[in-house]
Amino acid sequence: MCTTQRSREGCDGSAGHIDRAVSEPTTFSGLEDAVKPLTFKSIAVNTLPSLMPRGTLTTVAGVKTCRRGRAALARSKERGSYCIKNTVNPNKLKARMHQPTPAVAAPAATVKFEGFTKNNTMKVKWTQLGLVFFLVLSLVMTGCFFWQYQLPKVLPDEAMGRNAKLEMMCPRFPEPLQLEHPIPSLKEALEKVDVLLRQSINPISLPSLSAIVILNDTVLWTGNFGKRNSSDPLSGPPNEYTIYRFTVVKFHDHRDSQTITSLCYLTFRIASLSKIFPTLMLYKLWEDGKIGSLDDPLEKYVENFTIKNPLGKTRDSELKYVTDGLIFLDSGEVQIRSSSVTLRRMASQLSGLPRRLRATNLLWKGKTQSAINLLQDDVLVADPGTKCHYSNLAFSLLAHVMAERVAAVEYQRWITDNILDRLGMEDTGFDITPGLQGQMAVGVYSNGKPAPLYDLGWYRPSGQMFSTAADLAKLAMMLLGAYHRKLLEPDSLKIMLTPLFRCDKDYFANRTGTPWEVNELMGYEVVRKDGDLDGYSATFSLVPRLKLGLVVLMAGSRSQNQDIVNKAYNYIIPAIEKAFREAKKVLFAPPVPDPYIGFFTYSNITFYEIKVGPDGVLIMQQFGPQIEELIPEKYRTIKLNYLVDRVFRVVFEKEYPCVLQVGTASVSLEAQDGQLFNFYTFDKRGLSPGFDAPGLNTYNVVRIARKPTFSS
């Protein structure tokens, strides 16, 4: 083997070195010399025999002549052979090793190197495993490379702002638009709802179910499942049907109304959904001016109303007046504590009143004055307005007080005349007659036994009513502001659908409203009222932002394993979102576009050009050095939708980044979307001198004569 130590060079034809220069073939003077480390640069060869074929030193044969250079040495090492510069005759080497030597020479002749060979074999195996590992790793990394190569690329684009970073896309919530049916993705989602509800039928605990899905003023889908009376052997086959409307069905079309009503003929007790109607009465009397404020105290309408409130934190001297959620100093009308029982709190499970009157049950047949007398020595379970607490007492007392002390009419008569008849809810009411029982789905307990149709007496406003899915669809459309028969003003509807209070974790809803339980699902507020009464379960729910509603009526017990309403929404909401995002927006052009065309600037910082698009709708393009730094080009162009009297609304036709991050600063495109531009009165030339954007706190955006130029 080459053992030259010459200036970090490889074998170059000079004499080999083993710690000394020799000019003749190397002579081993015993094992000590044989196993002395041989060095070449940084490579240390501890034992020459360990790298040779199995056996003694006498088996060395055919030792190769040294080649030049370090690369050659490395290749030789990989093949398991080593070169010796001065070729040694094996026979001479053997002879020399048997010559007389010092005391250590004798043992050397009998040493065997089988252990060295075993280690060498293990090294070869580990080398092979390492090669296999690196081969597999290389294949995996190559596959990952090709996979990444196939992914969509974010290419450098001149349209991108030079310092902008894109984040979440907006609008987060698509604007509800008119849709052209059928919509394949929506049909597919409703088919999944169909399967979900069909599979929820249980011949013992849930034999019958009726449901309806509405969107704005349209019935999207409706279905009945199961049998009206599962315990009657003479009952006919399941009266099942489901309909996805390929043509829009609207209740203001008399023929469509008749069709839907006749299909959804099954009648159910709606239990606590009945609480919606005292709330509607409260808002209607407030609109009509018969109630001064939604936050009037109950004492204003009931003389000598008292109830113990040991949890109240206000002192007697702290007298205030509450109106529409705001607390003012006493106005002189009624002196109350700020923690009093108010009308709105009674309608939103925030009154602190007990669940029912003491010493009564839900079949109590007493009078309102008797109920008030019973409360005088009762106690509030919570300081009003501080905790969500479910109370049938609160809704029944609210309904009877408003009917008897404000409207001066019996509660059921007022609801029938002012709500049911007005909305055309012909199959909704209070009294379960023998004739009606023949149309009702028979309610059952979880063991399959029929439930009695008992009367709730004084508690009727809290749970007595019956209805159909079709009638409740009309109610849902009215609450969404889409029904052709109006009951409440738009502002009242907004207030009614707004959550009031965040509940504790031990309550069954995240927030409460009038009279809703409010939870969040997929980023949307779901306004919901559930009801459960012996033999029946029901859910009335709305997603106001999407103008979407779902009603499910059940004869039997609702499933404890899954919430079929939320699961149905998990199918419907994404399909509705997709349909809205893909729908074409209808924009309006101004009667005369010329007064708005031209160039404008805000403080010589931001510049705008307004021109007319092919469809007559105004197009605004932002430009300027700062804009080019902050906003990608494709987001600098927006459309102006004409509303009325020189007022336009900003519209992004396609999705856009909610916020553009620019270094440590950010630009919110979401804040610009939907803002109003109010153009100034036209000058003598018939041109608008500028406009304001109040929602952006931007004023005096003024017209300029021509497009400015910017120096680099």
Side-chain angles (χ1 to χ4, degrees), residues 193-212 222-242 263-276 356 361-363 390 392 427-457 459-460 462-473 508 528-541 550-568:
V193 173
D194 185 304
V195 173
L196 169 68
L197 298 181
R198 190 183 303 275
Q199 292 178 346
S200 68
I201 291 293
N202 184 304
I204 296 176
S205 61
L206 185 58
S208 185
L209 182 150
S210 184
I212 195 165
T222 183
N224 278 343
F225 303 93
K227 302 175 68 173
R228 188 189 71 82
N229 187 356
S230 61
S231 63
D232 184 0
L234 301 179
S235 180
N239 52 320
E240 296 184 357
Y241 67 83
T242 55
L263 288 172
C264 297
Y265 71 93
L266 278 179
T267 304
F268 297 78
R269 297 195 78 167
I270 60 174
S272 286
L273 271 59
S274 303
K275 294 181 174 68
I276 297 173
R356 63 175 183 268
N361 57 33
L362 288 179
L363 307 183
Y390 199 87
N392 292 309
D427 298 313
T428 303
F430 294 87
D431 297 321
I432 302 175
T433 63
L436 177 66
Q437 291 186 36
Q439 303 175 24
M440 290 186 67
V442 177
V444 297
Y445 293 111
S446 58
N447 59 9
K449 293 184 178 180
L453 297 172
Y454 48 73
D455 192 295
L456 297 185
Y459 286 101
R460 276 185 159 211
S462 294
Q464 174 70 20
M465 297 179 72
F466 61 83
S467 189
T468 65
D471 271 8
L472 293 176
F508 59 90
R528 174 169 169 170
K529 192 78 194 85
D530 289 340
D532 297 275
L533 184 66
D534 292 42
Y536 295 90
S537 300
T539 294
F540 179 95
S541 62
L550 170 63
V551 177
V552 180
L553 305 180
M554 295 166 275
S557 303
R558 68 175 74 242
S559 173
Q560 300 300 314
N561 299 324
Q562 64 175 347
D563 187 334
I564 59 174
V565 173
N566 280 354
K567 197 162 185 178

- Residues in side chain to side chain contact (heavy atoms under 4.5 Å, CB included) with Leu362, at least two apart? Asn392, Leu456, Tyr459
- Message: For the CD atom of Gln439 and the CD1 atom of Ile432, what is their distance to the nearest 0.5 Å?
- Response: 12.0 Å
- Message: Rounded at 0.5 Å granularity, tell me how far CE in Met440 sits from OH in Tyr536.
- Response: 4.0 Å
- By side chain to side chain contact (heavy atoms under 4.5 Å, CB included), which residues pair with Ala271, not counting sequence neighbours? Leu533
- Take Phe268 and Leu209 through the side-chain contact (heavy atoms from CB on, under 4.5 Å) test and state the conclusion after the steps. CA-CA 9 Å; Phe268 297 78; Leu209 182 150; 5.8 Å; no
- Query: Taking side chain as C-beta onward, heavy atoms only, is Ser467 less than 4.5 Å from Leu273?
  - Reply: no
- Query: So, Thr428 versus Asp471: side-chain donor-acceptor pair below 3.5 Å or not?
  - Reply: yes
- Item | Listed partners of Val565 passing side chain to side chain contact (heavy atoms under 4.5 Å, CB included), at least two apart | Arg528, Thr539, Ser541, Leu550, Val552, Asp563, Tyr569
- Message: If the condition is side-chain hydrogen bond (donor to acceptor under 3.5 Å, both in side chains), which residues does Ser272 pass it with, not counting sequence neighbours?
- Response: Lys275, Tyr390
- Message: Within this structure, what is the CE-CD1 distance for the pair Met465 and Ile276, rounded to the nearest 0.5 Å?
- Response: 9.5 Å
- Query: Roughly how far apart are Lys529 NZ and Ile270 CD1, rounded to 0.5 Å?
  - Reply: 11.0 Å
- Task: Identify the two heavy atoms, one from Leu266 and one from Ser208, that lie closest to each other, and give their separation to 0.1 Å.
- Result: CD1-OG, 3.7 Å
- Can you name the closest pair of heavy atoms from Ser274 and Gln464 and give their distance? OG-N, 3.5 Å
- Item | Minimum heavy-atom distance Pro452-Arg269, with the two atoms named | O-NH1, 4.3 Å
- Item | Neighbour count above 12 (heavy atom, 6.0 Å) for Arg558 CZ | yes
- Enter the distance from Leu196:CG to Gln562:CD here, rounded to the nearest 0.5 Å. 5.5 Å
- Message: To check you understand the geometry: which heavy-atom pair defines the closest contact between Ala211 and Ala469, and what is its length?
- Response: C-CB, 4.4 Å
- Message: Ignoring hydrogens, what is the shortest heavy-atom contact between Pro207 and Val444? Give both atom names and the distance.
- Response: CD-CG2, 3.5 Å
- Task: Look up atom CG in Asp532 and atom OG in Ser557, then write down how far apart they are to the nearest 0.5 Å.
- Result: 8.0 Å
- Going by the side chain to side chain donor-acceptor pair (under 3.5 Å) test, which pairs reach into residues 440-454, not counting sequence neighbours? Tyr445-Asp534, Tyr454-Asp534
- Not counting sequence neighbours, which residues clear salt bridge (charged side-chain N to carboxylate O under 4.0 Å, His left out) with Arg460? List them please. Asp431, Asp455
